[in-house]
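Here the structure is a predicted model, which is why all the values come from computation and not from measurement. Below, read A as the first sequence line, B as the second, and so on, with proteins coming before strands; counting in each chain starts at 1. For the numbers below, each heavy atom of this structure counts, side chains included, while hydrogens, waters and symmetry mates do not.
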Amino acid sequence: MYKYDKIDQTNVDERVAQFRDQTRRFLAGELTDDEFRPLRLRNGLYIQRYAPMFRIAVPYGMLASRQLRKLGDIAKRYDRGYGHFSTRQNLQLNWPKLEDVPEMLAELATVEMHAIQTSGNCIRNITTDQFAGIAPDEVIDPRAMAEILRQWSTFHPEFALLPRKFKIAVSGTKQDRAVVQAHDIGMEFYLDANNQVAIKVWVGGGLGRTPILGSVIREYLEWQHALTYCEAIIRVYNLHGRRDNIFKARIKILVKALGIDEFRRQVEAEWLHLKDSPNTITEAELKRVSQHFEQMPYEVLPAHNASFDAAIASNPAFAAWVKRCVHPHKQPGYRAITLSLKPHGKAPGDATSEQMHVVADLADQYSFGELRVSHEQNLILADVKLSDLFALWGKARKHGLATPNIGLLTDIICCPGGDFCSLANAKSIPIAEAIQQQFDNLDYLHDIGEIEINISGCMNGCGHHSVGHIGILGVDKDGSEWYQVSIGGKQGNDASLGSVIGPSFAAEEMPDVVQRLIDVYVQQRTPEERFIDTVRRLGIAPFKARVYADKDVHKEVAHA
Amino acid sequence: MPSSNLIRGNAIVANEWTCVTLPPPAEETVRKQAGKVVLFKLTGEVSATPEQIAATQIPASGKVLVPLSVWLARKQELAGRLDKGELGVWLDTHELIESLVEGEADLNDFPLIGVHVERCADGRIFSIATLLRTRYGYNNELRAFGDVLRDQLFFLKRCGFDSFLIRADRSAEEALASLKDFSAPYQGAVDDQLPIWRRINRNAL
């Protein structure tokens with residue numbers, strides 16, 4: 001993975017010094033709340049319901065074991081001994097003290113980490129596919145370009161104070177796993193007819209209050225122009241995006257208001273001036289950064305391993321884990337594995353300090369000392385030998401990291417919700433836990449098969465509810481918490497936004513609502529169909545009919 | 001007590017320019033969006049009525065920095081001042097720089113252009129400066145004024161400002177330090193157009 005040189009280290013060290021002084025001035029009364037807010041936000045610091053929330057950047061989800069140990073130590077020393085991995089592949093701590101944050105940043109800087117631009121109206125953490133570099137279906141490893149984008153966007157002076165937050169995702173596979181269509185800018189890398197790296201650029205996607213999939217602004221962009229083209233897009237947005245209404249300030253609203261054709265015309269006119277300017281990426285720079293992402297020193301191994309095959313045959317629990325948590329790898333004899341942070345009845349995406357240390361040890365022992373955070377809020381060991389899987393499983397299981405539910409109903413994507421977040425209308429974690437308890441039977445879960453449930457505590461959509469096969473959104477009605485349910489959303493190449501099935505529900509109704517949706521699917525599915533396929537074939541009507549079959553409609557309409 | 005809050009380059013200097021402002025509009029309307037008072041004007045929104053422009057008082061002598069709308073409407077009256085080198089023009093972050101550029105043969109006829117930022121969170125100021133410097137070839141003094149605070153100085157400098165009038169209630173002396181917040185920025189910008197990988201050989205570090 002990328003290792004800092006003197007330049008990178010200087011930048012994070014100077015950032016620590018800057019924020020230390022800003023915090024000092026705020027505590028001394030020299031900065032008002034309004035003046036300090038944008039400064040703390042761009043260092044990942046929110047003032048939350050019970051305490052500040054501090055979001056640490058994990059650029060494109062890559063972590064070294066020593067970094068994860070440091071995260072575990074920081075969570076223990078300055079927080080309550082656990083952290084929450086977010087859908088932007090970052091780590092959030094929910095109970096730090098404001099006056100400790102400069103020291104936490106200083107500790108992070110010792111392991112080449114920071115919280116730069118993890119919040120605020122600026123370019124946020126660049127995200128990508130958690131299987132980048134090892135996926136068999138990968139065309140281009142997007143991580144070098146993600147790192148180049150990270151450096152370019154760090155303290156970008158012209159884009160330091162945008163109308164609203166700005167998220168960029170990159171992907172290098174045919175099957176998109178980075179949700180590029182749901183980002184302010186999405187970049188899909190591919191090989192053109194001459195075998196040169198090219199980029200398909202999407203703009204104006206986003207979840208949140210007004211979920212919308214991005215539009216293609218350019219089918220073909222040579223990779224050298226990635227930065228200058230982003231500059232053209234963001235300059236048009238910086239000048240013309242709405243600042244008068246926070247709910248209409250994302251680039252998607254500007255793209256929609258102008259229409260993609262007019263927006264494209266303005267961007268292309270701007271780009272004419274920027275094309276080939278010094279921020280154009282050179283072969284040498286791409287090569288320099290790419291060296292950090294070279295293939296691991298793999299052993300030459302056969303594609304099969306007898307002890308692994310035997311363990312699968314004799315141990316059903318291991319076989320179930322392999323089925324759900326082990327993923328193909330381009331190198332024969334290797335696999336990627338997901339350590340589930342979704343044990344039933346626990347907050348999705350949470351890991352304790354002890355678990356972070358365990359995972360760091362597992363990474364050192366089995367996976368070249370590296371790991372990744374997925375946007376589904378799990379941890380990935382990307383390079384494990386087949387022959388090590390059984391031993392690894394045993395250790396992961398002992399620490400609650402081997403729930404065989406990846407891609408299944410209980411692998412719920414969930415924001416921190418009203419338990420922690422001051423933006424939330426409703427709690428989300430207890431809903432996830434209640435659903436997990438309702439479906440706490442592995443055979444049944446495997447029978448239901450692949451399904452994604454996404455829960456957000458408010459329409460800001462941190463839990464990506466609008467692309468959940470089942471999406472659950474917390475809403476506030478007259479001061480009480482209700483949940484709106486949508487079905488038919490999906491991430492990936494054939495992304496779609498879910499449709500709301502009807503009036504919202506009370507918290508205690510939610511496990512039964514999900515149960516009814518699943519019942520309809522199980523009865524109506526063809527042998528090959530996943531939940532999403534059945535929804536797409538039948539539409540929402542039969543699901544809606546079942547869920548509301550015995551509802552007192554008058555009462556429901558009252559809080560619709 | 002320093003007599004000036006103006007930073008030019010890396011030093012505090014006296015402010016020779018009188019900033020001319022528009023008289024307030026006849027009636028102030030409070031606009032609301034989503035229940036909140038609108039704090040930012042949309043880019044391109046009209047900023048002054050003909051009455052305000054006509055009523056704007058301009059000192060008869062000395063260096064004056066006049067609003068863009070006043071300059072555009074009263075060019076003939078002010079042309080002599082420009083010839084004498086005692087007229088600069090300022091615009092708000094919501095005003096279109098194209099409306100300034102279109103009517104001028106050479107922006108460098110102005111010894112000073114100012115950009116007024118009403119709220120420090122308004123990042124349009126950065127693109128406006130970048131365009132003035134790179135697209136429209138403006139080389140003379142470029143001044144940020146209004147809600148100008150030290151924590152934006154580094155970005156303002158990188159976008160081409162070389163003159164900063166720090167908000168009156170804050171110390172320009174202390175703000176000077178923030179011009180040096182970062183020593184090795186990654187990306188090319190106005191002050192140094194080369195990104196770090198074109199400035200130094202990072203392979204050798």
Side-chain angles (χ1 to χ4, degrees), chain A residues 5-8 10-11 14-15 17-18 21-22 25 30-31 34-39 121-122 148 150-163 227 231 234-236 238-249 270 273-274 277-282 284-285 287-289 291, chain B residues 31 33-34 36 38-45 93-94 96-97 119-131 134-135 147 149-152 154-159 170 174 177-178 180-198 200-203 205:
Chain A
D5 65 9
K6 217 168 69 188
I7 300 296
D8 302 299
T10 299
N11 269 298
E14 289 175 344
R15 176 60 142 199
Q18 183 194 42
D21 188 56
Q22 288 167 342
R25 283 186 274 137
E30 295 170 28
L31 284 172
D34 280 350
E35 289 162 5
F36 185 55
R37 185 181 307 113
L39 307 177
N121 296 334
C122 48
I148 288 171
R150 180 192 76 82
Q151 296 190 14
W152 160 83
S153 62
T154 299
F155 315 142
H156 196 298
E158 188 181 344
F159 308 134
L161 292 162
L162 296 170
L227 303 183
E231 283 178 340
I234 303 174
R235 179 174 292 168
V236 170
N238 190 38
L239 284 169
H240 298 286
R242 288 181 63 172
R243 291 170 191 267
D244 59 326
N245 180 341
I246 187 176
F247 303 124
K248 306 228 177 278
E270 195 61 46
H273 298 279
L274 291 166
S277 65
N279 282 335
T280 305
I281 306 164
T282 57
E285 175 61 2
K287 192 173 158 212
R288 182 187 74 82
V289 178
Q291 283 166 358
Chain B
R31 282 177 51 202
Q33 277 274 356
K36 289 187 177 167
V38 171
L39 300 177
F40 296 90
K41 289 200 172 95
L42 293 173
T43 302
E45 232 174 85
T93 49
H94 67 271
L96 296 169
I97 50 174
R119 290 173 194 284
C120 64
D122 187 347
R124 287 178 288 197
I125 191 171
F126 303 124
S127 286
I128 289 169
T130 300
L131 287 170
T134 58
R135 181 82 37 87
D147 196 17
L149 303 175
R150 64 177 282 183
D151 294 296
Q152 282 77 50
F154 181 77
F155 296 136
L156 291 167
K157 179 188 80 166
R158 291 223 69 205
C159 290
R170 296 296 159 89
E174 286 175 21
S178 286
K180 296 185 220 126
D181 273 348
F182 298 99
S183 60
Y186 286 116
Q187 62 294 102
V190 176
D191 65 337
D192 193 337
Q193 304 216 4
L194 300 182
I196 190 86
W197 77 82
R198 290 186 197 263
I200 60 167
N201 178 7
R202 293 185 75 176
N203 284 313
L205 290 178

Go through the steps to decide whether B/Gln152 and B/Asp147 satisfy the test side-chain contact (heavy atoms from CB on, under 4.5 Å), and finish with yes or no. CA-CA 10 Å; B/Gln152 282 77 50; B/Asp147 196 17; over 6 Å; no

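Between the side chain of B/Glu45 and the main chain of B/Leu42, a donor-acceptor pair closer than 3.5 Å is present. A side-chain donor-acceptor contact under 3.5 Å links B/Gln187 to the backbone of A/Thr154. The backbone N or O of A/Asp5 sits less than 3.5 Å from a side-chain atom of A/Asp8, completing a donor-acceptor pair.
Taking A/Arg37, A/Glu231, A/Arg242, A/Gln291 one by one and counting their heavy-atom pairs under 4.5 Å with chain B, the maximum is reached by A/Arg242. For the set A/Pro157, A/Ala17, A/Ala284, A/Cys122, the entry with the most heavy-atom pairs within less than 4.5 Å of chain B is A/Pro157. Note on A/Ile246, A/Thr280, A/Ile281, A/Leu227: by heavy-atom pairs under 4.5 Å with chain B, the leading option is A/Thr280. Of the listed residues (B/Phe154, B/Trp197, B/Phe126), the one with the most heavy-atom contacts under 4.5 Å to chain A is B/Trp197. Chain A forms the most heavy-atom pairs under 4.5 Å with one residue out of B/Gln193, B/Lys41, B/His94, B/Arg170, and that residue is B/Arg170. When the candidates B/Asp151, B/Asp181, B/Asn203 are compared by the number of heavy-atom contacts under 4.5 Å with chain A, B/Asp151 comes out ahead. Here B/Arg150 is the residue among B/Arg158, B/Lys157, B/Arg119, B/Arg150 with the most heavy-atom pairs under 4.5 Å with chain A. With respect to chain B, the highest number of heavy-atom pairs below 4.5 Å among A/Lys6, A/Glu35, A/Glu30, A/Gln151 belongs to A/Gln151. In terms of heavy-atom pairs under 4.5 Å with chain A, the best-connected choice from B/Leu194, B/Ile128, B/Leu205 is B/Leu205.
Shown here are the side-chain contact (heavy atoms from CB on, under 4.5 Å) partners of B/Thr43, two or more places apart in sequence or in another chain: A/His240, B/Leu96, B/Arg124.
When only modelled atom types and interatomic distance are considered, A/Asn238 and A/Arg243 share a side-chain donor-acceptor pair under 3.5 Å. In summary, the side chains of A/Arg25 and A/Gln22 do not present any donor paired with an acceptor at a separation below 3.5 Å, with no hydrogens or angles considered.
Only the side chain of A/Leu39 comes within less than 4.5 Å of a heavy atom of chain B; its backbone N, CA, C and O stay farther away. Only the side chain of B/Thr130 comes within less than 4.5 Å of a heavy atom in chain A; its backbone stays farther off. The contact between B/Glu174 and chain A is made entirely by side chain atoms (from C-beta outward), counting heavy-atom distances below 4.5 Å. Of the two parts of B/Asp122, the backbone and the side chain both hold a non-hydrogen atom closer than 4.5 Å to a non-hydrogen atom of chain A. In this structure, chain A has a heavy atom under 4.5 Å from the side chain of B/Ile200, while its backbone stays farther away. In this structure, chain A has a heavy atom under 4.5 Å from the side chain of B/Leu131, while its backbone stays farther away.
Using a 30° and 60° split on the angle between ring planes, A/Phe159 and A/His156 fall in the parallel class, below 30°.
Considering only heavy atoms from C-beta on, B/Arg135 comes within 4.5 Å of A/Glu270 through its side chain.
Closest approach of A/Pro163 to A/Asn121, counting heavy atoms only: O-ND2, 3.8 Å.
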